[in-house]
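Heads up, the thing below is written out as structure tokens.
Numbers restart at 1 for each chain; the letters A, B, ... are given by sequence-line order, proteins then strands. In what follows, every heavy atom counts, from backbone to side chain, and hydrogens, waters and symmetry copies are set aside.
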Protein chains: 2
Amino acid sequence: MRLDDRKFLILQAIIDDYIMTAVPVGSRTISRKSGVGFSPATIRNEMSDLEELGYLDQPHTSAGRVPSAKAYRLYVDRLMKSVDVSEEEAGRIHDHLYRRTAQVEEVIREAAQALSDVTHYTAVVAAPRLDGMTVRRIQLVPVTETSALMIVVTSAGMVKDHVIPVPAGVEPDHLYAISKMLTAQLAGHPLSNARDLLIGVFAGLTEHKQLMGSVIRALDQQAQEEGVGSLVVGGRSNLLSYPEYSDVEKAKNFLAVLESREKLAPLLSQTGGVEFAVRIGPEINMPEFADCSVVTATYRVGNNTTGTMGIIGPTRMNYARVVSVLNYMGRTISDLLSGDKE
Amino acid sequence: MRLDDRKFLILQAIIDDYIMTAVPVGSRTISRKSGVGFSPATIRNEMSDLEELGYLDQPHTSAGRVPSAKAYRLYVDRLMKSVDVSEEEAGRIHDHLYRRTAQVEEVIREAAQALSDVTHYTAVVAAPRLDGMTVRRIQLVPVTETSALMIVVTSAGMVKDHVIPVPAGVEPDHLYAISKMLTAQLAGHPLSNARDLLIGVFAGLTEHKQLMGSVIRALDQQAQEEGVGSLVVGGRSNLLSYPEYSDVEKAKNFLAVLESREKLAPLLSQTGGVEFAVRIGPEINMPEFADCSVVTATYRVGNNTTGTMGIIGPTRMNYARVVSVLNYMGRTISDLLSGDKE
DNA sequence: GGTTAGCACTCAACCAAAGAGAGTGCTAAC
DNA sequence: GTTAGCACTCTCTTTGGTTGAGTGCTAACC
């Protein structure tokens with residue numbers, strides 16, 4: 001049995017309806033829809049076929065049909081019509097993002113908020129990955145007598161800081177001189193090499209060995225943290241509006257995942273460099289997200305740097321709209337983070 | 001009618017029981033408790049009195065009694081026995097907090113996590129307020145050709161940064177010189193005065209007027225942000241375990257409040273400088289928190305600087321335990337943030 | 001006079017049975 | 001190939017009865 005045009009049409013109608021209502025859809029409902037000129041009985045025959053093909057599930061005899069994960073997959077891959085973001089949505093996104101001067105943390109926080117506001121789903125935005133960037137400058141700013149803030153400025157104008165210990169008796173001016181030396185050594189090199197470069201320098205040193213050790217450790221730690229880097233969640237409570245999460249126990253498990261960076265990170269990182277990725281229900285491989293889909297997208301900052309963001313919604317989410325919103329948001333963030341600062 | 005000793009005893013027994021079970025408690029239950037040597041009938045008479053006095057509510061005839069907000073108030077003010085944190089709890093708090101080098105953001109994040117972990121309620125921790133602190137150092141670090149990071153180090157070793165625009169053509173060394181000048185001008189003065197001091201300097205300037213303007217604007221903005229400063233929430237999903245929030249609609253409203261800094265900030269800020277504050281149900285004056293209580297505490301960093309943290313739980317929360325945990329956490333944070341760095 | 005046993009009464013919670021409604025699958029007619 | 005008709009299925013809602021915890025009152029008790 002093959003999926004002919006009519007089956008396509010009917011499947012699409014079912015998915016569209018289910019996305020709106022979350023109620024198993026019956027043959028009469030589809031038959032009444034404009035565009036489908038068949039009687040309920042015919043629809044029923046087709047639905048029976050579609051079920052056999054694995055595109056529909058039946059919660060029980062005498063309920064309507066519900067799209068399966070396979071159906072959503074098909075929908076996303078082939079049936080989905082791209083939608084433009086509406087004027088109003090674009091406006092809301094701008095309102096969020098252009099509110100104040102754009103520090104990275106602030107931008108991704110607002111982005112997450114905007115995404116969840118506009119889509120009514122839950123949004124996760126990860127800060128741009130630093131490892132592809134090159135170092136532009138390193139500077140040590142004294143904080144107390146025995147500690148300093150190490151500031152790393154990267155090519156895309158992104159900033160990362162670390163508190164490091166400093167041996168007592170090192171003057172501020174001295175720290176500045178060391179900063180200039182560090183900058184001279186590392187500027188233009190990728191951040192991921194910085195550590196190794198410094199180790200070379202380190203060997204030839206006679207003084208400040210201790211301080212340099214601290215700098216190297218801080219760079220190490222940063223590299224380590226990259227995996228679970230800055231991660232902002234917006235619209236946690238949005239998903240509770242959907243009947244899928246009217247069960248408190250389920251809702252609780254879902255929210256618990258959102259609380260842990262460790263569990264959340266893989267959701268965003270498994271994109272494999274594709275611009276968009278859609279993972280549907282069981283494809284996510286997490287029991288808490290069995291009824292969820294995740295749409296992730298990457299955004300660019302400068303030339304080599306990318307960050308990831310994602311929308312988490314029920315499997316019956318409005319994929320077309322989510323993709324278009326993510327698309328628009330990607331462009332907006334890029335403008336904001338690369339344009340203004342470069 | 002007065003609250004005599006026996007009524008006290010019975011009320012306390014009712015509250016204790018209700019805190020544990022969340023089920024309306026009946027006369028027989030209390031009568032069986034050791035320490036109360038009266039028959040159910042006697043208890044009933046007293047309960048009837050307590051209801052008339054406003055300490056108990058009855059969900060409906062023939063259900064047990066439930067403590068009213070007034071009862072919890074009394075409990076907190078007079079009946080509560082102070083409890084020590086257990087070894088195990090103290091250990092868990094330490095595990096969270098001493099995990100890595102202590103940057104402020106990191107510490108308050110872990111503190112929120114630890115508090116919610118240990119209490120099983122929801123925790124909110126606010127970063128220390130900066131306005132009481134004095135400036136120790138200001139430094140400008142170039143980021144791009146037209147922007148720099150302004151770093152303000154305060155007396156307690158706390159760091160705050162801002163991106164500010166810089167006129168093109170200002171050399172890094174030049175920025176460093178300006179930083180030294182700024183530091184010389186402001187060091188030792190309270191952060192809240194910094195802006196006004198600079199305006200005095202500003203008038204006499206011939207060059208760098210533009211840059212100084214940016215610095216002043218950044219200080220302004222920081223003062224403004226102080227009100228809704230950094231705020232971390234932990235254990236959002238914890239409250240969903242309690243039967244009070246088995247209603248999804250309620251849970252959703254509750255979570256929505258936790259998402260908005262603006263709504264959350266007053267919860268912590270209305271403490272009025274007291275070390276502990278307990279607000280119970282209606283006293284909070286937010287419909288979403290009608291069944292909640294909030295216990296807030298301040299912690300100290302250095303001499304003048306304080307931050308706030310709070311636990312949000314059901315009105316029937318275990319106040320004694322929460323207060324002791326907050327107490328312990330306050331001391332631990334203080335040690336961590338002032339001790340190590342001063 | 002405070003305390004307690006006894007008893008009628010109330011009300012949510014639980015359960016089973018009945019009815020309604022939506023939807024299917026099959027068959028026969030178009 | 002399409003559709004009308006019909007018996008059948010299964011959930012959801014409603015209804016009514018039962019249970020049990022708990023109260024309030026009264027009268028007896030110490």
Problem set entry | Pairing of B:R236 and B:E259 as salt bridge, 4.0 angstrom limit | no

Exercise. At how many degrees, to 10°, do the end axes of the helix from C:dG1-D:dC30 to C:dC30-D:dG1 meet when each uses five pairs?
Worked result: 20°

Which side-chain N or O atoms in residues 16-23 of chain A pair as donor and acceptor under 3.5 Å with protein atoms at least two apart or in another chain?
| unit_1 | atom_1 | unit_2 | atom_2 | d |
| --- | --- | --- | --- | --- |
| A:T21 | OG1 | A:D17 | O | 3.1 |
| A:T21 | OG1 | A:V23 | N | 3.2 |

For this session: Examine D:dT3: is either OP1 or OP2 under 4.0 Å from a nitrogen or oxygen in the side chain of A:T42? Give yes or no.
Result: yes

Exercise. Relative to A:F38, does A:R6 satisfy both conditions: NZ or CZ under 6.0 angstrom from the six-membered ring centre, and within 45 degrees of the ring's axis?
Worked result: yes

For this session: Mind checking side-chain hydrogen bond (donor to acceptor under 3.5 Å, both in side chains) for B:T61 and listing every partner two or more places apart, or none if nothing turns up?
Result: none

Exercise. CD1 of A:I10 versus C1' of D:dG1: gap in Å, rounded?
Worked result: 13 Å

Problem set entry | B:I43 CD1 - D:dG22 P separation (whole Å) | 13 Å

For this session: Not counting sequence neighbours, which residues clear salt bridge (Lys or Arg N to Asp or Glu O under 4.0 Å) with B:K252? List them please.
Result: none

Exercise. Roughly, in whole Å, what's the span from CG in A:D4 to P in D:dT2?
Worked result: 10 Å

For this session: Evaluate the side-chain contact (heavy atoms from CB on, under 4.5 Å) criterion for residues B:I311 and B:L115: first the C-alpha distance (whole Å), next the side-chain angles of each, then the deciding distance (0.1 Å), finally the verdict.
Result: CA-CA 8 Å; B:I311 299 279; B:L115 281 175; 3.9 Å; yes

For this session: Flag the pair A:D57 and A:R65 as a salt bridge only when some basic side-chain nitrogen lies within less than 4.0 angstrom of an acidic carboxylate oxygen.
Result: no

Exercise. Taking protein heavy atoms under 4.0 Å as touching, what does nucleotides 8-26 of chain C look like 5' to 3' if B marks base contact, S marks sugar-phosphate-only contact and - marks none?
Worked result: --BBS---------BBBBB

Problem set entry | All salt bridge (Lys or Arg N to Asp or Glu O under 4.0 Å) counterparts of A:D291, not counting sequence neighbours | A:K250

